[in-house]
Amino acid sequence: MIQRIQSVYLLLAAVALVISLCLPAGYFVSNEGIISGTFKPLGVTLTDGTSLSTWGVFVLSLLSALIQVCTIFLYRNRTLQMRMSIFSIVVIVGYYVAFIVFVPALKERLLDTTFQTGWALCLPFISVILTWLAFRAIRHDEELVKATDRLR
C-alpha cells in the first residue's frame, strides 16, 4: 500500500535530504565579513577557486535518502520497514557527526574564519522527524494487524 501516510512521510524525508544535498550547509566568513568558503555536502568551495572534499557528509546524506526511498516499497514487510527507518535515522545522526568533525578541521585550514550555518542544515533534522513519524505509523499498522490476528 504505497498510499499510506508513512509512505508520504518517508517521501518528504527523502526530498528534504535531496534538497539539503544541493544547498550550502554553511559559510566560512573571514574577520572582515567576506565569505571565504561555501560548505556544501560534496565539498567546500573557496573564493580562490579551489575546493576541499567533504565526501563523507555527501555519502551519508545520499545513503539516507536512498534508504528512505527503498523503505517506501517495503510495505509488505512492516518489521523490516521499521528497522530501515531506524537505520536511516542513525545514518542522519552520522551525517551530523561527520559535519561536526569536518567544520573544525576545515576551520584550521582556513585561518581567521568563523563558520555560519545555513538554513539547509536543518533539513536533515526535519527528515529525522518525518522518519520518526513514519516509524510510528508503521508500528501502528503492525499493531492493528496483530490485533486482527488475535480476533481470528
Side-chain angles (χ1 to χ4, degrees), residues 1-75 77-141:
M1 308 281 245
I2 297 177
Q3 67 269 19
R4 298 181 307 164
I5 189 69
Q6 56 264 34
S7 299
V8 174
Y9 289 147
L10 289 169
L11 182 65
L12 289 174
V15 167
L17 285 171
V18 169
I19 290 172
S20 74
L21 285 173
C22 301
L23 298 175
Y27 303 96
F28 289 99
V29 180
S30 66
N31 292 338
E32 295 84 31
I34 301 170
I35 295 176
S36 59
T38 304
F39 189 102
K40 290 186 178 180
L42 195 53
V44 176
T45 306
L46 303 176
T47 54
D48 62 359
T50 60
S51 64
L52 305 169
S53 178
T54 57
W55 60 270
V57 176
F58 178 78
V59 168
L60 290 172
S61 185
L62 184 65
L63 177 66
S64 182
L66 290 175
I67 289 170
Q68 289 175 352
V69 169
C70 292
T71 303
I72 293 171
F73 298 104
L74 295 173
Y75 58 86
N77 191 348
R78 285 174 296 279
T79 55
L80 181 60
Q81 202 174 25
M82 286 190 290
R83 288 181 184 159
M84 293 295 282
S85 297
I86 295 298
F87 181 65
S88 177
I89 291 173
V90 169
V91 171
I92 294 172
V93 169
Y95 166 86
Y96 280 116
V97 168
F99 186 82
I100 290 170
V101 167
F102 272 114
V103 168
L106 291 170
K107 250 173 119 172
E108 286 179 9
R109 290 186 78 179
L110 304 170
L111 301 173
D112 299 329
T113 60
T114 59
F115 185 75
Q116 293 180 350
T117 59
W119 67 272
L121 192 58
C122 71
L123 289 175
F125 182 71
I126 291 171
S127 179
V128 167
I129 294 170
L130 289 169
T131 306
W132 181 254
L133 289 172
F135 173 80
R136 288 183 53 198
I138 296 164
R139 188 178 64 202
H140 179 69
D141 280 357

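Only heavy atoms go into these numbers, but all of them, side chains included; no hydrogens, no water, no symmetry mates.
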Quick one: which residue pairs count as a side chain to side chain donor-acceptor pair (under 3.5 Å) with a foot in [range], not counting sequence neighbours?
range            : value
residues 34-48   : D48-T50
residues 52-65   : S64-S88
residues 112-139 : Q68-S127, Q68-T131

First locate atom [atom1] of [X], then atom [atom2] of [Y], and finally report the distance between them rounded to the nearest 0.5 Å.
X    : Y   : atom1 : atom2 : result
Y75  : Q81 : OH    : CD    : 10.0 Å
M84  : N77 : CE    : CG    : 10.5 Å
L106 : F28 : CG    : CZ    : 4.5 Å

Closest approach of [X] and [Y], non-hydrogen atoms and distance?
X    : Y   : value
G94  : L60 : O-CD1, 3.4 Å
I138 : M82 : CG2-CG, 3.3 Å
A137 : I5  : CB-CG2, 3.9 Å
R109 : L52 : NH1-CD2, 3.2 Å

How would you list, by chain and number, every residue that makes a side chain to side chain donor-acceptor pair (under 3.5 Å) with [X], sequence neighbours excluded?
X   : answer
N31 : none
E32 : S30
S51 : none

CZ (R78) with more than 12 external heavy atoms under 6.0 Å: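 Yes, enclosed.
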Determine whether more than 12 heavy atoms belonging to other residues, nucleotides or ligands lie under 6.0 Å from atom CZ of F115. yes
Got a sec, which residues hit ring pair (Phe, Tyr, Trp, His ring centres under 6.0 Å) with F102, two or more places apart in sequence or on another chain?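 Result, ring pair (Phe, Tyr, Trp, His ring centres under 6.0 Å) vs F102: none returned.
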Do R4 and D141 sit within salt-bridge range, that is, some charged N less than 4.0 Å from a carboxylate O?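 So R4 pairs with D141 through a salt bridge.
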Could you work out, with side-chain contact (heavy atoms from CB on, under 4.5 Å) as the rule, every residue matching Y96, not counting sequence neighbours?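 With sequence neighbours excluded, Y96 shows a side-chain contact (heavy atoms from CB on, under 4.5 Å) to I92, L121, P124, F125, given in chain and number order.
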Review item, side-chain donor-acceptor pairs of residues 10-27, under 3.5 Å, at least two apart:
unit_1	atom_1	unit_2	atom_2	d
S20	OG	L17	O	2.7

